[in-house]
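Quick one: the structure is below, and I'll ask about it shortly.
In this chain, residues are counted from 1 in sequence order.
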Amino acid sequence: MAPGLLDLVHLTTWAVCAVIKLPQLVAVLRAGSAWGLSLSSLLLELAGYLVFLRYQIYYSYPLETYLEYPIIIAQDVILIYCIMHFSGKARRALFYALIYWGSWYMLTLQKWIIDLAMNMCTFVSAASKLVQLQHLWQTKDSGQASALTWGMSVYTCAARIITTVMTTNDLAVLIRFIIMLILNIWVTATVLHYRKTKKTD
């Protein structure tokens, strides 16, 4: 792949990630409700993002391969707080913040910890998608879940498969993105299915 094309993939990934959670945030704020969203799913997703970011930094991977993660993490934190607020659980936010902050520092105490965490990160991130799927299946209603946000996640995973192959060629990272791509497609399709079902009822 030409360097210009690789740069384009990086740039489009950053652009999409700069707004990836905004459709979801707007839907939640407009409705004043987090119906259709799983707080557990988002907490697991945040954990996966933090581990992945820490791993990339620890191994001094090129900044362009993970630049979007601080932006996604910030958006996730805001979304999680909104969901906690609308579900009456805002007081728990400080507790979760302390756990994530402590974990961020413990991850790099030993090399084996960050390596193990990265391998577990794929399972945690996959679990976050499966928890959201389970929530959708149980409620049979996509509620405020944004198909656009999930669709953008599909694009960023596909783009990161390309950039990983072209830059770091890290197998653990590549496997993570492939699994996330498949699960993001599944969640997007499920959100669209229940949205269509709701409109026809």
Side-chain angles (χ1 to χ4, degrees), residues 1-3 5-18 20-21 38 40-77 79-80 96-97 99-134 149-190:
M1 181 183 295
L5 189 54
L6 183 60
D7 290 341
L8 179 64
V9 173
H10 283 309
L11 287 172
T12 58
T13 301
W14 300 331
V16 168
C17 288
I20 196 164
K21 297 290 182 171
S38 167
S40 299
S41 170
L42 285 165
L43 291 169
L44 287 168
E45 179 180 73
L46 180 60
Y49 287 157
L50 289 169
V51 168
F52 185 76
L53 177 61
R54 194 66 164 155
Y55 178 85
Q56 297 280 322
I57 293 168
Y58 182 83
Y59 281 105
S60 301
Y61 283 158
L63 181 63
E64 59 271 8
T65 63
Y66 64 88
L67 184 62
E68 70 272 14
Y69 278 86
I71 298 165
I72 297 172
I73 289 168
Q75 292 177 55
D76 245 3
V77 167
L79 181 58
I80 287 169
Y96 287 116
I99 288 175
Y100 286 121
W101 180 78
S103 299
W104 175 263
Y105 287 100
M106 290 190 330
L107 283 170
T108 55
L109 291 176
Q110 297 284 325
K111 180 185 179 303
W112 69 267
I113 296 173
I114 192 67
D115 290 339
L116 177 63
M118 181 58 196
N119 289 322
M120 296 302 295
C121 171
T122 299
F123 294 109
V124 169
S125 295
S128 78
K129 312 305 182 208
L130 293 171
V131 168
Q132 181 61 45
L133 281 166
Q134 180 185 23
T149 291
W150 286 101
M152 287 191 284
S153 294
V154 169
Y155 171 77
T156 59
C157 283
R160 283 303 175 208
I161 289 169
I162 294 167
T163 61
T164 299
V165 168
M166 298 306 297
T167 56
T168 64
N169 212 21
D170 185 315
L171 186 60
V173 172
L174 188 59
I175 289 169
R176 179 184 186 277
F177 282 127
I178 291 169
I179 291 170
M180 294 306 99
L181 175 65
I182 293 165
L183 291 173
N184 283 330
I185 291 169
W186 195 358
V187 174
T188 304
T190 305

Fill in: Arg176 side chain near Arg160 side chain, heavy-atom distance below 4.5 Å
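No, too far: nothing below the 4.5 Å cut-off.
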Worksheet item: Is Ile57 close to Tyr66 at the side-chain level, that is, under 4.5 Å between some pair of heavy atoms?
Response: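 They are in side-chain contact.
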Discussion item. Using modelled atom types and a 3.5 Å cut-off, is there a donor and acceptor pairing between side-chain atoms of Arg54 and backbone atoms of Trp104?
Written reply: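 Confirmed, Arg54 side chain pairs with Trp104 backbone.
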Worksheet item: Among Ile182, Ile178, Leu183, which one satisfies side chain to side chain contact (heavy atoms under 4.5 Å, CB included) with Met180?
Response: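 Result for side chain to side chain contact (heavy atoms under 4.5 Å, CB included) with Met180: Leu183.
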Worksheet item: Considering all heavy atoms of both residues, which atom of Ala172 and which atom of Thr122 are nearest to each other, and what is their separation?
Response: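 The answer is O-OG1, 4.3 Å.
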Fill in: Atom pair CD1 (Ile162) and SG (Cys157), whose distance is rounded to the nearest 0.5 Å
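SG of Cys157 is found 11.5 Å from CD1 of Ile162.
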Discussion item. Using every non-hydrogen atom in the two residues, find where Trp186 and Leu130 come nearest and quote the distance to one decimal.
Written reply: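 So the two residues come closest at CZ3-CD2, 4.4 Å.
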Fill in: Gap separating the CG atom of Leu107 from the CD1 atom of Ile113, nearest 0.5 angstrom
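Rounded to the nearest 0.5 Å, the CG-CD1 separation comes to 8.0 Å.
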Worksheet item: How many angstroms lie between atom CG of Leu50 and atom CG of Asp76, to the nearest 0.5 angstrom?
Response: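 Rounded to the nearest 0.5 Å, the CG-CG separation comes out at 9.0 Å.
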Worksheet item: What pair of heavy atoms forms the shortest contact from Ser128 to Leu44, and how long is it?
Response: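 So the two residues come closest at CB-CB, 3.5 Å.
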Fill in: Separation between CG of Leu11 and CD of Glu64, rounded to the nearest 0.5 Å
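Answer rounded to 0.5 Å: 10.0 Å.
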Worksheet item: Does a side-chain heavy-atom distance below 4.5 Å link Thr13 with Thr163?
Response: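 A side-chain contact is absent here, since even the closest heavy-atom pair is not under 4.5 Å.
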Worksheet item: Any side-chain heavy-atom pair from Ile20 and Thr156 closer than 4.5 angstrom?
Response: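 The answer is yes; the side chains approach within 4.5 Å.
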Worksheet item: Say you draw a straight line from OH of Tyr49 to SG of Cys121; how long is it, rounded to the nearest 0.5 Å?
Response: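 That separation rounds to 10.0 Å.
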Worksheet entry | N/O donor-acceptor pair under 3.5 Å between Thr164 side chain and Asn169 backbone |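 Looks like no, no N/O pair under 3.5 Å.
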Worksheet item: Glu68 side chain to His10 main-chain N or O, any donor-acceptor pair under 3.5 Å?
Response: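 Checking the backbone N and O of His10 against the side chain of Glu68, no donor-acceptor pair under 3.5 Å is found.
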Practice prompt. Specify the closest pair of heavy atoms between Val131 and Ser38, including all atoms of both residues, with the distance to one decimal.
Written response: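 Closest pair (atom of Val131, atom of Ser38, distance): CG1-OG, 3.2 Å.
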Worksheet entry | Centroid-centroid distance, Trp101 to Tyr105, less than 6.0 Å |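 Distance test on ring centres: under 6.0 Å, yes.
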Worksheet item: Looking only at heavy atoms, what is the nearest atom pair of Tyr100 and Leu43, with distance?
Response: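 Looking at all heavy atoms of both residues, the shortest contact is OH-O, 2.6 Å.
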Discussion item. Tell me which one of Asp170, Asn119, Thr108 satisfies side chain to side chain donor-acceptor pair (under 3.5 Å) with Tyr55.
Written reply: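 Considering Asp170, Asn119, Thr108, a side chain to side chain donor-acceptor pair (under 3.5 Å) with Tyr55 is found only for Asp170.
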Item to complete: Return the minimal non-hydrogen interatomic distance between Val154 and Leu181, and the atom names on each side.
Response: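 Heavy atoms of Val154 and Leu181 come nearest at O-CD1, 3.4 Å.
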Worksheet item: Given side chains that start at C-beta, do those of Gln75 and Leu79 come closer than 4.5 Å, heavy atoms only?
Response: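 Result no, sub-4.5 Å side-chain heavy-atom pair not found.
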Worksheet item: Do the rings of Phe177 and Phe52 sit parallel, tilted or perpendicular, given the 30° and 60° boundaries?
Response: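 Phe177 and Phe52: perpendicular rings.
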Worksheet entry | Worked check of side chain to side chain donor-acceptor pair (under 3.5 Å) between Tyr61 and Thr167 | CA-CA 9 Å; Tyr61 283 158; Thr167 56; over 6 Å; no
Discussion item. Can you tell me how far apart CE (Met118) and CG (Leu116) are? Round to the nearest 0.5 Å.
Written reply: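 The CE atom of Met118 sits 12.0 Å away from the CG atom of Leu116.
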Worksheet item: Within a strict 4.5 Å, meaning less than it, do heavy atoms of the Thr190 and Trp150 side chains meet?
Response: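 No, side chains not in contact.
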Worksheet entry | Non-hydrogen side-chain atoms of Met120 and Val51 separated by less than 4.5 Å |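 Result no, sub-4.5 Å side-chain heavy-atom pair not found.
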Fill in: Tyr59 OH: over 12 foreign heavy atoms closer than 6.0 Å
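Yes - once you tally the heavy atoms of other residues, nucleotides and ligands closer than 6.0 Å, there are more than 12.
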Worksheet item: Heavy atoms, side chains only, cut-off 4.5 Å: are Lys21 and Leu42 in contact?
Response: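 Contact flag for Lys21/Leu42 side chains = yes.
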